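Note that this is a predicted model, so its numbers are computed, not measured. Order of the sequence lines sets the chain letters (A, B, ...), proteins ahead of strands, with each chain counted from 1.
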There are 2 protein chains.
Amino acid sequence: MAKSRKQETGKEKVRYAVVGLGHIAQVAVLPAFTHASENSQLVALVSDDPEKLEKLGRKYKVTARYSYDQYDDCLGSGEVDAVYIALPNHLHREYGERAARAGVHVLCEKPMAVTEEDCLAMIRAAEDNGVKLMVAYRLHFEEANLKAIDLVQSGRLGDPRLFDSVFTMQVKEGDIRLNPREQGGGPLYDIGVYCINAVRNLYGAEPMEVVAFSSNNGDPRFQQCEEMTSAILRFPGRERLASFTVSFGAADVASYRVVGTKGELVMDPAYEYAEALKQRVTIDGRTRERTFPKRDQFAPELISFSECILTGAAPEPSGWEGYADVRVVRALYRSADSGQPVTLEPFSKDDRPSLDQELRRPPVRKPELVNTEAPSE
Amino acid sequence: MAKSRKQETGKEKVRYAVVGLGHIAQVAVLPAFTHASENSQLVALVSDDPEKLEKLGRKYKVTARYSYDQYDDCLGSGEVDAVYIALPNHLHREYGERAARAGVHVLCEKPMAVTEEDCLAMIRAAEDNGVKLMVAYRLHFEEANLKAIDLVQSGRLGDPRLFDSVFTMQVKEGDIRLNPREQGGGPLYDIGVYCINAVRNLYGAEPMEVVAFSSNNGDPRFQQCEEMTSAILRFPGRERLASFTVSFGAADVASYRVVGTKGELVMDPAYEYAEALKQRVTIDGRTRERTFPKRDQFAPELISFSECILTGAAPEPSGWEGYADVRVVRALYRSADSGQPVTLEPFSKDDRPSLDQELRRPPVRKPELVNTEAPSE
């Protein structure tokens, strides 16, 4: 197993292959290794684009370069301890399982996979092969969002009663996010998971019933997936509600608000990684605003995952965290399709993000892109 | 008919009785007559509380004072041309119909009534008796909200795709807003109509399908009505969506946002009358903020309604405007009760609020209250 190999050899750095060299890999994952050099090292690149392999390999001084066909060679090379999977959503399961079977740890972009079954298969594969599995929720290490969770959990807003979020962008024609739902395309998979993940952790609870309306304005971009979805989630106990709207056909907004019995928290923007985040807290009529500077939100994921690999600790956000969001996405699609509210099976999760997970690294500079572009304008 | 009586006598001011002397009458309606003196005059008060009649009668120099039992005397006195109905919601229909039958014009607080049938009966009563009927949507005369409608209709945000609103307050135990639904209690009737009215007029369209989740945290205040409701509305044509949450058990928020294909409009606060309203517009990434000062939002209703009575013009917001919101409230309750989305019958309305309805009057000072209190802290 990779973990014991590390400990035996006494190496201090986890050696990563980044699998998939699209936009997020190029603007965020690859540059993050500079800030994660305390325990993480970029040693291999996997892509089907020779130009990406060549140019990015040169830029990051990575000589081990593999096509997708050579993925097993990469995994079996003995030079790679972990993979960062930045592939299209429907490939997460396969590439995660193959890594696990080769004894290589798996750090996987969100959404974890397309179906609950996929998520469970990935969790099983990691367990069966004794490798670590983490889902790359960058906001679990980010100060503003962790402070928001801390504030809501502290009771300073009183009892939180409602969560409301809007996350929208104009996705460009041809972007992978517009793929059919079976491939994990559509706004719920890509950005809906941020809203779902936020409220699950702000409330520290799992939704019990959901309803959704999807819609489509007929734009040619939305032939394979919906334009937007509005959702309502009901949480157990004191019946907290949550609502959100996600769209691939509207101007940039990335905001949420929690209203409690005594006060209100607004995060606007809440979910971004390429700009500063802003928090506005109003308690008993007094408002306090705070801006959290733009930081490298990806290096903390690498540092935390490597730490878990090196020490044997359990990674968090775990595979179950990824599963918890995907099962809500799927319930929302069932509701949008059937026109009926959907009841979720009971599910619980004790580990929740908290302030002690916070890791601060300076922002990365936007690199020159190789054969890729931003998903939105 | 009152209208012809006015024209025959050549009087310039419409003489009003204010019916119901609760909080909104005392803090907003009665003081507004000072700013509406160009064509409106307060001449009578109707209440069951002798102390209110005595103290408010003295304060506003109104000698014609009636109990509810004497309402017909008031209507038949020949001294009253119009009533401003500020009674509990379930009394709007009866008091409106009785006024209409007596040839007295009716300006009625929102929500217009409890059921669609009630609204239609009021519309019929006004038509049959040749009197004017207006529903008191103060924001139809208010600069910030009219500018918001103008902005959205102008296309400067691109095609509007989604509306999202949160309107919440902590209603005090014992307040009339916590009455059973059959009496028009609950957050959808009281504050949900603001969200519904806002989006109907921002989109210039009527919803075709709605779904709602209501919830209750078990607080003793919410034994007769729900604590809060989250709703999603689907609009025809290019399938715009709207969502909102209203609550009587959460801290003060009164905000909405419209996101279009090119930009975003945020109104926060949007619906208040006791403070300044703020508008933030972001188009193509550039943000402009504007504060609209606190103004008297009730005098414009009186001035506009009196003008209609004096000139014979059709009042707007009309009874149909009130009906249009109540039918959505009722559909949302049917959905919340049944757990199913509800399809609305087609309905159309051509007259929409526009900037030429704007009327500015300075704010009123908060008067001393007589046997009443604010609904929330």
Please round to the nearest 0.5 Å and tell me the distance separating atom [atom1] of [X] and atom [atom2] of [Y].
X: L233(A); Y: F213(B); atom1: CG; atom2: CZ; answer: 8.0 Å
X: R161(A); Y: S247(B); atom1: CZ; atom2: OG; answer: 7.0 Å
X: N216(B); Y: E239(A); atom1: CG; atom2: CD; answer: 6.5 Å

Side chain, backbone, both or neither: which part of [X] has a non-hydrogen atom closer than 4.5 Å to chain B?
X: T245(A); result: side chain
X: V166(A); result: side chain
X: V258(A); result: neither
X: A242(A); result: neither
X: S214(A); result: backbone
X: E227(A); result: side chain

For K262(B), does its backbone N or O pair with a side-chain atom of Q170(A) as donor and acceptor, under 3.5 Å?
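Not at all, since once roles are kept as given, no pair shorter than 3.5 Å links the two residues.
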Check A251(B) against G263(A) and note the closest heavy-atom contact, atom names and distance.
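Closest pair (atom of A251(B), atom of G263(A), distance): CB-N, 3.4 Å.
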Taking all heavy atoms of M228(B) and all of L241(A), pick out the closest pair and write down the distance.
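M228(B) and L241(A) have their closest heavy atoms at CE-N, 3.7 Å.
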Are more than 12 heavy atoms from other residues, nucleotides or ligands located less than 6.0 Å from atom NZ of K278(A)?
no
Residue selection (most heavy-atom pairs with chain A, distance under 4.5 Å) from [options]:
options: V266(B), T282(B), V211(B), D252(B); answer: V211(B)
options: V259(B), T229(B), I232(B); answer: I232(B)
options: G249(B), S243(B), G260(B), G218(B); answer: G260(B)

Are any of the side-chain nitrogens in D219(B) or R238(A) under 4.0 Å away from the carboxylate oxygens of its partner?
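Looking at D219(B) and R238(A), the cut-off is not met.
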Take R257(A) and D268(B) through the salt bridge (Lys or Arg N to Asp or Glu O under 4.0 Å) test and state the conclusion after the steps.
CA-CA 12 Å; R257(A) 128 189 280 150; D268(B) 188 3; 3.0 Å; yes
Need one label for T168(B): side chain, backbone, both or neither, based on atoms under 4.5 Å from any heavy atom in chain A.
side chain
Is the shortest heavy-atom distance from the side chain of R240(A) to the side chain of S215(B) under 4.5 Å?
no
